[in-house]
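As the structure is a computational prediction, the values presented were derived from the model and not from experiment.
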Amino acid sequence: MNFENEIKTVLRARRSDSDMINVMEVLSWQGDQFQQAFDIALQMENRNLVKLIYSNFNAGKVIVEFTLLGKMPV
């Protein structure tokens with residue numbers, strides 16, 4: 001699947017006070033879209049934009065940390 005728009009949304013959501021972000025929260029997704037959020041995090045990790053730090057289906061969290069490449073302007 002192509003998640004280019006979602007990846008751009010996540011990259012633009014980076015906060016100045018933290019390099020970590022919850023993909024589920026940024027995309028305003030619920031538990032039924034957990035797998036898609038996880039797949040987005042994996043695609044971003046494969047591109048060296050983020051490092052997947054933590055994921056938990058029950059908690060609705062897919063936490064990633066931005067790499068230097070991921071911090072560059074979109």
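- For the residue pair Leu52 and Glu45, the shortest heavy atom distance occurs at N-OE2, 3.1 Å.
- When the side chains of ILVMFWY residues are joined at heavy-atom separations under 4.5 Å, either directly or via intervening members, Phe66 and Ile63 end up in two distinct hydrophobic clusters.
- The hydrophobic clustering, which links ILVMFWY residues whose side-chain heavy atoms are closer than 4.5 Å, places Ile53 and Val23 apart.
- Between atom CG of residue Asn56 and atom NZ of residue Lys61 there is a gap of 9.0 Å, rounded to the nearest 0.5 Å.
- Nearest heavy atoms, Val26 versus Ala13: CG1-CB, 3.6 Å.
- Between Asn22 and Gly60, the closest heavy-atom pair is ND2-O, 3.5 Å.
- Summarising the geometry of Lys51 relative to Thr67, their closest heavy-atom pair is N-CG2, 4.2 Å, with the distance given to 0.1 Å.
- Of the inter-residue distances, the one linking Ile21 atom CD1 with Arg15 atom CZ reads 6.5 Å to the nearest 0.5 angstrom.
- Nearest heavy atom pair, residue Ala41 against residue Val62, reads CB-CG1, 3.7 Å.
- Around atom CD of Glu4, more than 12 heavy atoms belonging to other residues, nucleotides or ligands sit under 6.0 Å away.
- Between Gln35 and Asp39, the side chains place a donor N or O and an acceptor N or O closer than 3.5 Å (distance only, hydrogens not considered).
- Note that the CZ atom of Phe3 and the CG atom of Leu27 stand 10.0 Å from one another [nearest 0.5 Å].
- Both Leu69 and Val64 are members of a single hydrophobic cluster when ILVMFWY side chains are connected at heavy-atom separations under 4.5 Å.
- Among pairs with a residue in residues 34-60, those fulfilling ring pair (Phe, Tyr, Trp, His ring centres under 6.0 Å) read Phe34-Phe57, at least two apart in sequence or across chains.
- Cluster membership for Met72 and Met44, using ILVMFWY side-chain heavy atoms within less than 4.5 angstrom, is shared.
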